[in-house]
Novice: 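Below is one structure. I have some questions about it.
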Amino acid sequence: MNITRQWSGKQQRAREILIRLKRLYPDATCTLTYETPVQLLVATILSAQCTDERVNKVTPELFRRYPDASRLADAPLEELEALVRSTGFYRHKAKNIKGACQMIVQDFGGNVPQRMEELLKLPGVARKTANVVLAHGFGINMGVTVDTHVKRLSDRLGLTEHQDPIRVERDLMRLLPQPDWENWSIRLIYHGRAVCQAKKPDCGNCQLADLCEFNQARV
DNA sequence: ATCCCGAGGG
DNA sequence: CCCTCTGGAT
């Protein structure tokens, strides 16, 4: 059994999957609403364990009252908590938004840093959030965004053996050309929401079924 | 491994 | 009731 040949097979499968996903979701983009990189960062922090649709219900009022990093940094914590409450984890999220914006003002001149290493210093920001901000805010592909959908679908498709999001990301970075890293994530998220849902994957209507280990095992 | 946490679906 | 939603810190 040749390991290299197996890996190469995965690489080809990943590319074919992406071709189909691009055909299926040609206009897939980030579904968070924001005007600036700071607002994208805040919206992405809020999106943890929460639908984008719900995030988009609280951010208009949040950004109307506190439109930039400076205002968010000075906002009363209780106000922020009340505004983001319905997204869940609201104490953590409010504290992290305020803390991240304080650091942006004090250490980065009021602008969201464009380097992975610096983004990871912000409270409440790890690789998933940093990848989203870099890709959609600045057009920089430093990694593959691995959220709950990307992790679940990559696992079901048989493209990673790992559960740790960092290792899943490393596997995907090896399987895909860098310019497609965010194309992969955004379309797996669409497909995860529409077809390959956590509790009821609709394999009968899935355009990827013939390329999917999960479906093959089911049949 | 565990905790944080609300809202919606089944 | 249980599970899930573009996770991160302890």
Side-chain angles (χ1 to χ4, degrees), chain A residues 18 21 25 27-34 37 39-59 61-62 77-103 116-138 140-157 160 162-170 172-173 176 180-202 214:
Chain A
L18 185 55
L21 289 175
Y25 312 106
D27 301 318
T29 56
C30 178
T31 49
L32 296 168
T33 55
Y34 61 94
Q39 293 185 357
L40 172 60
L41 172 66
V42 170
T44 307
I45 289 174
L46 290 175
S47 72
Q49 299 294 291
C50 176
T51 60
D52 284 13
E53 185 181 357
R54 179 152 298 282
V55 173
N56 291 338
K57 288 186 176 184
V58 309
T59 45
E61 179 66 9
L62 177 66
L77 194 54
E78 309 78 46
E79 296 270 346
L80 293 179
E81 289 181 353
L83 285 165
V84 306
R85 188 174 187 281
S86 67
T87 66
F89 297 164
Y90 65 94
R91 291 191 185 89
H92 282 312
K93 288 176 180 177
K95 191 201 296 184
N96 287 335
I97 288 168
K98 185 175 170 67
C101 287
Q102 285 175 332
M103 191 177 291
M116 174 65 76
E117 182 185 354
E118 293 174 338
L119 279 168
L120 295 179
K121 293 178 181 172
L122 301 175
V125 177
R127 284 198 65 94
K128 182 260 171 180
T129 299
N131 278 327
V132 169
V133 171
L134 288 171
H136 297 283
F138 303 121
I140 301 171
N141 289 309
M142 287 302 294
V144 180
T145 300
V146 177
D147 71 321
T148 181
H149 291 299
V150 176
K151 180 181 164 189
R152 181 181 69 253
L153 269 65
S154 298
D155 175 50
R156 285 179 176 169
L157 287 164
T160 181
H162 296 104
Q163 295 302 315
D164 171 22
I166 301 296
R167 291 183 175 173
V168 174
E169 181 182 3
R170 187 194 57 193
L172 294 173
M173 287 170 75
L176 297 159
D180 276 328
W181 285 352
E182 195 57 25
N183 284 326
W184 177 263
S185 296
I186 199 68
R187 285 173 175 79
L188 251 60
I189 290 166
Y190 269 63
H191 199 63
R193 290 200 284 237
V195 178
C196 191
Q197 297 178 5
K199 290 188 73 172
K200 46 180 180 66
D202 190 3
F214 182 78

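Since we're looking at a predicted model, the values are computed, not measured. Lettering of chains follows the sequences in order, A, B, ..., and the numbering in each one begins at 1.
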Novice: Side chains of A:Lys95 and A:Pro123: closer than 4.5 Å at any heavy-atom pair?
Specialist: no

Novice: Using a cut-off of 4.0 Å on non-hydrogen atoms, how would the nucleic acid contact of A:Arg193 be classed: base, sugar-phosphate, or nothing?
Specialist: base

Novice: Write down the distance between CD1 (A:Ile45) and P (C:dG8), rounded to a whole number of angstrom.
Specialist: 9 Å

Novice: Mapping A:Gly124 and A:Thr44 onto DNA chain C by nearest heavy atom, which one lands closer to the 5' end?
Specialist: A:Thr44

Novice: Please tell me if A:Thr129 has a side-chain N or O lying less than 4.0 Å from either OP1 or OP2 of C:dG7.
Specialist: no

Novice: Let me know the distance between CD of A:Glu81 and C1' of B:dC5, rounded to the nearest Å.
Specialist: 12 Å

Novice: side-chain hydrogen bond (donor to acceptor under 3.5 Å, both in side chains), that's the test. Do A:Lys128 and A:Ser47 meet it? Break it down for me.
Specialist: CA-CA 11 Å; A:Lys128 182 260 171 180; A:Ser47 72; 3.2 Å; yes

Novice: Side chain of A:Thr51: nearest nucleotide among C:dC5, C:dG8, B:dA7?
Specialist: C:dC5

Novice: A:Arg127 has an atom CZ; how far is it from atom C1' of C:dA9, in whole Å?
Specialist: 17 Å

Novice: A:Ala48 has a side chain; which of C:dG7, B:dC5, C:dC5 sits nearest to it?
Specialist: C:dG7

Novice: Distance to the ring centre below 6.0 angstrom and angle to the axis at most 45 degrees; does that hold for A:Arg91 and A:Phe89?
Specialist: no

Novice: With sugar-phosphate meaning primed atoms plus P, OP1 and OP2, does A:Thr145 contact a base, only sugar-phosphate, or nothing at under 4.0 Å between heavy atoms?
Specialist: base

Novice: Can you tell me if CD on A:Glu53 sees more than 12 non-hydrogen neighbours from other groups inside 6.0 Å?
Specialist: no

Novice: Given atom CG of A:Leu119 and atom P of C:dG7, what is their separation to the nearest angstrom?
Specialist: 18 Å

Novice: Quick one: is A:Arg91 getting a side-chain N or O under 4.0 Å of the B:dC5 phosphate, OP1 or OP2?
Specialist: yes

Novice: Base, sugar-phosphate, or nothing for A:Phe89, non-hydrogen atoms under 4.0 angstrom?
Specialist: base

Novice: A:Arg85 has an atom CZ; how far is it from atom P of B:dG8, in whole Å?
Specialist: 12 Å

Novice: Among the candidates C:dG8, B:dG8, B:dG9, find the nucleotide nearest to the side-chain atoms of A:Ala126.
Specialist: C:dG8

Novice: Within the structure shown, what part of the strands sits under 4.0 Å from A:Ile186 by heavy-atom distance: base, sugar-phosphate, or nothing?
Specialist: base

Novice: Using only atom types and a distance under 3.5 Å, with no angle test, would you say the side chain of A:Arg187 pairs donor to acceptor with the backbone of A:Leu18?
Specialist: no

Novice: Checking all strands, does A:Val125 fall into the base, sugar-phosphate, or nothing category for heavy-atom contacts under 4.0 angstrom?
Specialist: sugar-phosphate

Novice: Could you tell me the separation between the CG atom of A:Asn96 and the P atom of C:dG7, rounded to a whole number of Å?
Specialist: 14 Å

Novice: About how many Å separate OG1 of A:Thr87 and CD of A:Gln49, when rounded to the nearest 0.5 Å?
Specialist: 11.5 Å

Novice: To the nearest Å, give me how far apart CG (A:Asn56) and P (B:dG6) are.
Specialist: 20 Å

Novice: Can you check whether A:His149 has a side-chain N or O nearer than 4.0 Å to OP1 or OP2 of C:dC5?
Specialist: yes

Novice: Using the P atoms only, state how far C:dT10 lies from B:dC5, rounded to an integer number of Å.
Specialist: 14 Å

Novice: Could you tell me the separation between the OH atom of A:Tyr90 and the P atom of C:dC5, rounded to a whole number of Å?
Specialist: 23 Å

